[in-house]
Amino acid sequence: MLATAQRLRRRGEFAAAVRGGRRAARGVLVVHVKFPDPENSGRPARAGFVVPRTIGGAVVRNQVKRRLRQLVRERLGQLPTGTDVVVRALPAAARRGYRGLAADLDAALEAARRGKPAPR
RNA sequence: CGAGUCGACCGGGCGGCCGCGUCAGGGUCACGGCCCUGCCGAGGAACGUCCGGGCUCCACAGGGCAGGGUGGUUGUUAACGGCAACCCGGGGUGACCCGCGGGAAAGUGCCACAGAAAACAGACCGCCGCGCCGACGGCGCGGUAAGGGUGAAACGGCGGGGUAAGAGCCCACCAGCAUCCCGGGUGACCGGGAUGGCUCGGUAAACCCCACCUGGAGCAAGGCCAAGAGGGCUGUCGCCGCAAGGCGGUGGCCUGCGCAGGCGGUUGAGGGUUGCCCGCCCGAUGCCUGCGGGUAGGCCGCUAGAGCCUGCCGGCGACGGCAGGCCGAGAUGGAUGGCCGCCGCCUCCCGCGAGGGAGGUACAGGACCCGGCGUACAGGUCGACUCGUCCG
RNA sequence: GGGCCGCUAGCUCAACUGGCAGAGCAGGAGACUUUUAAUCUCCGGGUUCAGGGUUCGAGUCCCUGGCGGCCCA
């Protein structure tokens with residue numbers, strides 16, 4: 001999974017990442033990526049997750065969140081240190097399998113890295 | 001063998017690799033942390049939040065009113081609106097099941113339609129008597145409530161006597177009511193007897209009456225530390241912007257601090273008694289108003305408890321007592337995951353068969369803790385009992 | 001954690017104290033019109049969220065559950 005130091009834990013951190021980052025949507029996921037300011041480059045890259053209640057009950061939301069944490073953990077090393085990522089799940093994510101989530105995440109991260117605007 | 005009733009319980013198992021959270025030990029350190037090892041790490045409902053308690057803070061001389069809750073009895077318990085046993089009523093051939101199950105002869109209200117009449121007596125058709133007209137029919141007065149039809153419900157039922165016709169008007173039996181007595185039971189109540197008037201509608205999950213219970217808030221409770229002199233939320237208007245939003249003006253609310261002004265010294269500003277009144281109490285570093293303008297972070301609370309398991313004893317039972325043993329989550333954008341192998345279980349398909357293949361494996365996750373209730377749930381296990389059929 | 005609402009025709013809503021579930025729009029048919037629109041007439045359509053209870057009788061009262069929404073901390 002993902003260690004505590006590698007997760008966003010404050011409302012302010014989420015707001016900064018969503019507002020100051022690039023947005024890219026692919027499949028059932030929306031990612032916001034905020035590349036590091038020079039003073040932040042010392043700490044590790046961090047990630048946070050937004051799984052709204054429209055997805056399902058607590059069990060379903062936890063399952064989606066755990067799968068996303070596992071997926072992000074495998075990819076966080078590829079990002080520059082100090083980067084903040086917020087992954088937001090759409091309601092269809094509950095029925096998307098693990099591999100489907102992986103494909104969507106890779107595509108969305110790649111789109112955000114290229115800096116292209118997300119197609120709507 | 002078939003059909004069924006009740007109760008108790010399980011909620012996949014083993015293994016590999018990569019990971020997560022708390023704690024403990026060790027190591028390292030630039031004292032922020034990092035690394036290694038080990039222990040532990042979601043449920044029977046953790047859920048819904050329908051009740052009850054523990055815990056914490058606030059309040060509390062006392063009395064009255066109001067409000068809320070409960071509603072057969074006796075127990076059980078920390079407590080309960082839960083549970084157990086029993087009573088009563090209803091259902092079932094039965095095992096068993098269901099019941100907000102006090103009071104309608106305290107009072108008020110309501111009882112649509114139909115029907116003559118719907119709660120207190122009265123009388124539409126009818127029956128009977130008398131009188132009148134007079135074409136065996138009608139009109140008027142009186143008696144009556146057996147019969148008719150309506151309705152969910154029509155002023156006890158049946159038989160006999162009685163009568164002009166009838167009627168508890170009288171009598172016997174039955175049902176029911178009230179009072180009293182005897183017996184049984186802690187009690188709800190049950191069994192029996194005597195007397196009485198002959199009879200009384202339903203609805204309290206309508207108001208109400210009676211009995212009993214009932215302070216308020218909730219771990220965002222509450223406490224400590226740090227930081228700073230403000231902040232948070234919001235209405236509206238203008239400008240910028242595609243938008244999200246940003247900036248500014250002007251109001252409102254909440255709260256800590258600073259400043260200013262005012263009020264106030266027992267003849268007392270103001271406050272408490274968290275619905276109101278009487279009454280009582282507190283009260284001077286206090287209270288009110290205006291202006292200015294912060295934080296929202298950490299730690300404790302925080303998990304050993306009405307705890308769990310086993311055995312014995314008491315009790316019909318809920319439950320209680322004793323002894324021994326055990327430690328079983330404490331997160332805070334919130335820890336149990338990802339990938340894979342084998343075996344279970346269920347369904348379907350292929351096959352004569354051994355077997356093979358495909359799919360599925362529920363309901364659902366702590367957030368202070370506990371006792372209940374209610375609800376969801378793939379599949380399965382055990383025990384006790386009932387009815388029917390057949391055999392002995 | 002605490003508190004409060006709603007669920008009725010395809011849609012938006014009524015139904016006073018319990019007494020035959022009803023409007024507007026929408027839909028269908030017809031009339032008027034050269035046709036359409038508008039207008040007029042007629043018609044169909046409901047397990048009143050579900051289950052249970054009280055009552056002679058429940059959309060209404062009571063209990064349990066489901067779904068949706070709102071407020072406060």
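Lettering follows sequence order; numbering is per chain, from 1.
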In whole angstrom, what separates [X]'s [atom1] from [N]'s [atom2]?
| X | N | atom1 | atom2 | result |
| --- | --- | --- | --- | --- |
| Gln63(A) | rA42(B) | CD | P | 18 Å |
| Lys65(A) | rG334(B) | NZ | P | 6 Å |
| His32(A) | rA244(B) | NE2 | P | 16 Å |
| Leu76(A) | rG338(B) | CG | P | 19 Å |
| Gln70(A) | rG21(B) | CD | P | 13 Å |

Assigned partner base of [N], Watson-Crick or wobble definition, under 3.5 Å:
| N | result |
| --- | --- |
| rG334(B) | none |
| rC57(B) | rG216(B) |
| rG241(B) | none |
| rG162(B) | none |
| rA384(B) | rU5(B) |
| rU64(C) | rA50(C) |
| rA106(B) | none |
| rA85(B) | rU73(B) |

Given side chains that start at C-beta, do those of [X] and [Y] come closer than 4.5 Å, heavy atoms only?
| X | Y | answer |
| --- | --- | --- |
| Val86(A) | Val31(A) | no |
| Leu109(A) | Arg26(A) | no |
| Arg46(A) | Val85(A) | no |

Need to verify one output field. Residue with the more 5' nearest nucleotide on RNA chain B, Glu74(A) or Val60(A)?
Glu74(A)
Find which nucleotide of RNA chain B each of Tyr98(A) and Gly48(A) is nearest to by heavy atoms, and output the residue with the more 5' nucleotide.
Gly48(A)
Glycosidic conformation of [N], taking syn as within 90° of 0 and anti otherwise:
| N | answer |
| --- | --- |
| rG215(B) | anti |
| rG44(B) | syn |
| rG148(B) | anti |
| rG328(B) | syn |
| rA24(B) | anti |

Distance below 4.0 Å between Arg69(A) side-chain N/O and rG337(B) OP1 or OP2
no
Do the side-chain N or O atoms of Arg66(A) get closer than 4.0 angstrom to the phosphate oxygens (OP1, OP2) of rG21(B)?
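Answer no for this pair, as no side-chain N or O of Arg66(A) is under 4.0 Å from OP1 or OP2.
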Among Leu71(A), Leu76(A), Val72(A), which residue meets the side chain to side chain contact (heavy atoms under 4.5 Å, CB included) test with Glu74(A)?
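With Glu74(A) as partner, Leu71(A), Leu76(A), Val72(A) yield a single side chain to side chain contact (heavy atoms under 4.5 Å, CB included), made by Leu71(A).
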Let me see the working for Val33(A) and Arg113(A) under side chain to side chain contact (heavy atoms under 4.5 Å, CB included), right down to the final yes or no.
CA-CA 8 Å; Val33(A) 181; Arg113(A) 193 155 26 209; over 6 Å; no
[atom1]-based separation of [M] from [N] [nearest Å]:
| N | M | atom1 | value |
| --- | --- | --- | --- |
| rA220(B) | rC57(B) | C1' | 14 Å |
| rC86(B) | rG317(B) | P | 12 Å |
| rC253(B) | rA15(C) | P | 38 Å |
| rG66(C) | rC65(B) | P | 42 Å |
| rU361(B) | rC339(B) | P | 15 Å |
| rA21(C) | rG46(C) | C1' | 9 Å |
| rA85(B) | rG187(B) | C1' | 13 Å |
| rA46(B) | rG11(B) | P | 14 Å |

Can you tell which of [options] lies closest to the side chain of [X]?
| X | options | answer |
| --- | --- | --- |
| Asn62(A) | rC340(B), rA42(B), rG337(B) | rA42(B) |
| Val59(A) | rG334(B), rC340(B), rG365(B) | rG365(B) |
| Ala58(A) | rG365(B), rG333(B), rC340(B) | rG365(B) |

If you look at every strand shown and take non-hydrogen atoms under 4.0 Å, does Val50(A) touch a base, only sugar-phosphate, or nothing?
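Answer is base: heavy atoms of Val50(A) come under 4.0 Å of a base.
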So what does Arg61(A) hit on the nucleic acid, given a heavy-atom distance under 4.0 Å: a base, only sugar-phosphate, or nothing?
nothing
Grab the two heavy atoms, one from Leu29(A) and one from Ala89(A), that are nearest each other, plus how far apart they are.
CD2-CA, 4.1 Å
Would you sort out whether Val50(A) and Val87(A) count as a side chain to side chain contact (heavy atoms under 4.5 Å, CB included), showing the intermediate values?
CA-CA 6 Å; Val50(A) 178; Val87(A) 181; over 6 Å; no
Any chance you could lay out the side chain to side chain contact (heavy atoms under 4.5 Å, CB included) test for Phe49(A) and Arg88(A), step after step, and finish with the verdict?
CA-CA 6 Å; Phe49(A) 305 91; Arg88(A) 194 150 49 91; over 6 Å; no
